[in-house]
Student: 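Can you read through this structure? Questions will come right after.
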Amino acid sequence: MDRLTNIAQQFAAAREVTNLRAFGSGNINDTFLVTVVDEMEPHFVLQRINTHVFQQPALVMQNMRIFTQHVCDRLQHELNPSVRRWAVPRVLLTTEAQDHWVEADGSYWRAISFIDDSESIDIIQDIEHGREVGYALGRFHHLISDLDPTQLADTLEGFHITPQYLEHYHRVLLTSTGAVDPKVDYCLKFIQERQEWAQVLEDAKNDGKLPLRPIHGDPKVNNVMICTTTQQAIGIIDLDTVKPGLVHYDIGDCLRSGCNPLGEETKDWEQVQFDTQMCRSILAGYLSQASGFLTNYDYEYLFDGIRLIAFELGLRFFTDHLVGNIYFKVKYPNHNLDRALVQFKLTESIEAQEKSIRQIVEDLRP
Ligand code: GN1
Ligand code: MG
């Protein structure tokens, strides 16, 4: 039995593992789809957690348990259970009843159930898909809006705290000796011009305008599972970054991913645009579920959240390019530079359309 199959077998109990293949397009963890001999549940997802990024994987698993328990309880008590199927991935245990498996080489593995009859789609398809993606994030936030965020551990310190990414970037700049390159120059200038504003959400949080809530942390388009029969969103996966944060991080992340029709991996960075029609559709879907708990301040800062998370991701990719690609997995040397350019072009397009985006928020606000 090869090494990976042997690891998968730890979570498969008596069921024989018949197939295993790389799965998804994550930038951090390694993910595999495992097939087992089991008519009821023939697949599960096996992941190697990147412990360079998640240095306390046990806390990631603890958050996942608290989250899953809360949502499952809540779904059972929902007044109208007929609404629509909503699936929550289950953590699978090893034969020794552990929620993870540590290999001899120290690598950390866990398994979760596969949501059947559903697919993950990398690039937004159309307006209906957009509405579903927004609905999914709204429902997700709604289901945890009564979960006390202090119950969740901070598993990734500084995640989405833009001023901290900026500090790191400045430390990196001190030692970096990159060759002259117009793309690099464009990024340097782009960041330089937006440094002051980058505090905007942290300031609002510190002023008590925006509260910490439990969030997903990474609700991009391909983390929303779409039912292959109905094309409806039926769940959100990738729960590693469920932790206390601002809902603006999630809304911004969902929109920067959903309103970029070329996708975040495009080489055609100069053509990248923020699609405001899609923005309207995603936000409408979101607010159909989330308007109940949003405050006036939340609405006021939505535009900044959308602009900031695109900028922040560009900054994170660019910094990683400068340090030699140690955080995000890359397929070629300038991959993170190209990804940064996509996010900066998207930010530029968001800025150019500020008026329309603010108007969309006003139109949709109850
Ligand atoms: C990373 O690994 P993946 O693709 O789920 C990153 C997100 C970024 C995303 C960009 C923990 O997520 O913050 O938005 O790449 N996750 C972490 O694709 O840093
Ligand atoms: Mg993720």
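Counting starts at 1 for both ligands and their atoms, following the listed order.
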Student: Test your reading of the structure: does Asn29 have an N or O sitting under 3.5 Å from an N or O of ligand 1?
Tutor: no
Student: Is it the case that ligand 1 has an N or O less than 3.5 angstrom from some N or O of Asp238?
Tutor: yes
Student: Please report which non-hydrogen protein atom sits nearest to atom 2 (O) of ligand 1, along with the residue it belongs to and the distance in Å to one decimal place.
Tutor: Asn27 N, 2.8 Å
Student: Can you tell me if Arg131 and Tyr135 form a side-chain donor-acceptor pair at under 3.5 Å?
Tutor: no
Student: Apply side-chain hydrogen bond (donor to acceptor under 3.5 Å, both in side chains) to residues Arg365 and Asn296 and explain how you reach the verdict.
Tutor: CA-CA 9 Å; Arg365 197 170 161 161; Asn296 286 338; 3.0 Å; yes
Student: Out of Arg110, Gln47, His216, which one pairs with Asp240 under the side-chain hydrogen bond (donor to acceptor under 3.5 Å, both in side chains) rule?
Tutor: Arg110
Student: Counting heavy atoms only, which of Asn223, Asp218, Thr31, Val221 is nearest atom 7 (C) of ligand 1?
Tutor: Asp218
Student: Considering the options Lys205, Arg213, Lys209, which one meets the salt bridge (Lys or Arg N to Asp or Glu O under 4.0 Å) requirement together with Asp298?
Tutor: Arg213
Student: Ile28 heavy atoms, cut-off 4.0 Å: which ligand 1 atoms fall inside?
Tutor: 1 (C), 2 (O), 16 (N), 17 (C), 19 (O)
Student: May I ask you to list the atoms of ligand 1 that are less than 4.0 angstrom from any heavy atom of Gly26?
Tutor: 2 (O), 4 (O)
Student: If you consider just the N/O/S atoms, which atom of Asp218 is the closest one to the Mg ion (ligand 2)?
Tutor: OD2
Student: Between the Mg ion (ligand 2) and Asp238, which N, O or S atom of the residue is the nearest one?
Tutor: OD2
Student: Apply salt bridge (charged side-chain N to carboxylate O under 4.0 Å, His left out) to residues Arg194 and Glu351 and explain how you reach the verdict.
Tutor: CA-CA 11 Å; Arg194 288 159 183 82; Glu351 291 166 350; 2.7 Å; yes
Student: Report the nearest protein non-hydrogen atom to atom 8 (C) of ligand 1: residue, atom name, distance rounded to 0.1 Å.
Tutor: Leu313 CD1, 3.9 Å
Student: Any salt bridge linking Glu264 with Arg339? Criterion: basic side-chain nitrogen under 4.0 Å from a carboxylate oxygen.
Tutor: no
Student: For Arg316 and His321, which I'm curious about, is there any donor-acceptor pair between the side chains at under 3.5 Å?
Tutor: no
Student: Give the residue, atom name and distance (to 0.1 Å) of the protein heavy atom nearest atom 13 (O) of ligand 1.
Tutor: Arg316 NH1, 3.0 Å
Student: Regarding ligand 1, does Val53 bring an N or O atom to under 3.5 Å of one of the ligand's N or O atoms?
Tutor: no
Student: Would you tell me whether Glu202 and Asn206 have side-chain atoms, one donor and one acceptor, within less than 3.5 Å of each other?
Tutor: no
Student: Heavy atom to atom 14 (O) of ligand 1, shortest distance: which of Arg256, Glu264, Lys220 holds it?
Tutor: Arg256
Student: Within ligand 1, which atoms have a heavy atom of Phe159 less than 4.0 Å away?
Tutor: 13 (O), 17 (C), 19 (O)
Student: Does the Lys NZ or Arg CZ of Lys243 fall within the cation-pi geometry relative to Phe54 - under 6.0 Å from the ring centre and within 45° of the axis?
Tutor: no
Student: As a check for students: among Tyr249, Phe54, Phe317, Tyr327, identify the option with a heavy atom nearest to atom 19 (O) of ligand 1.
Tutor: Tyr327
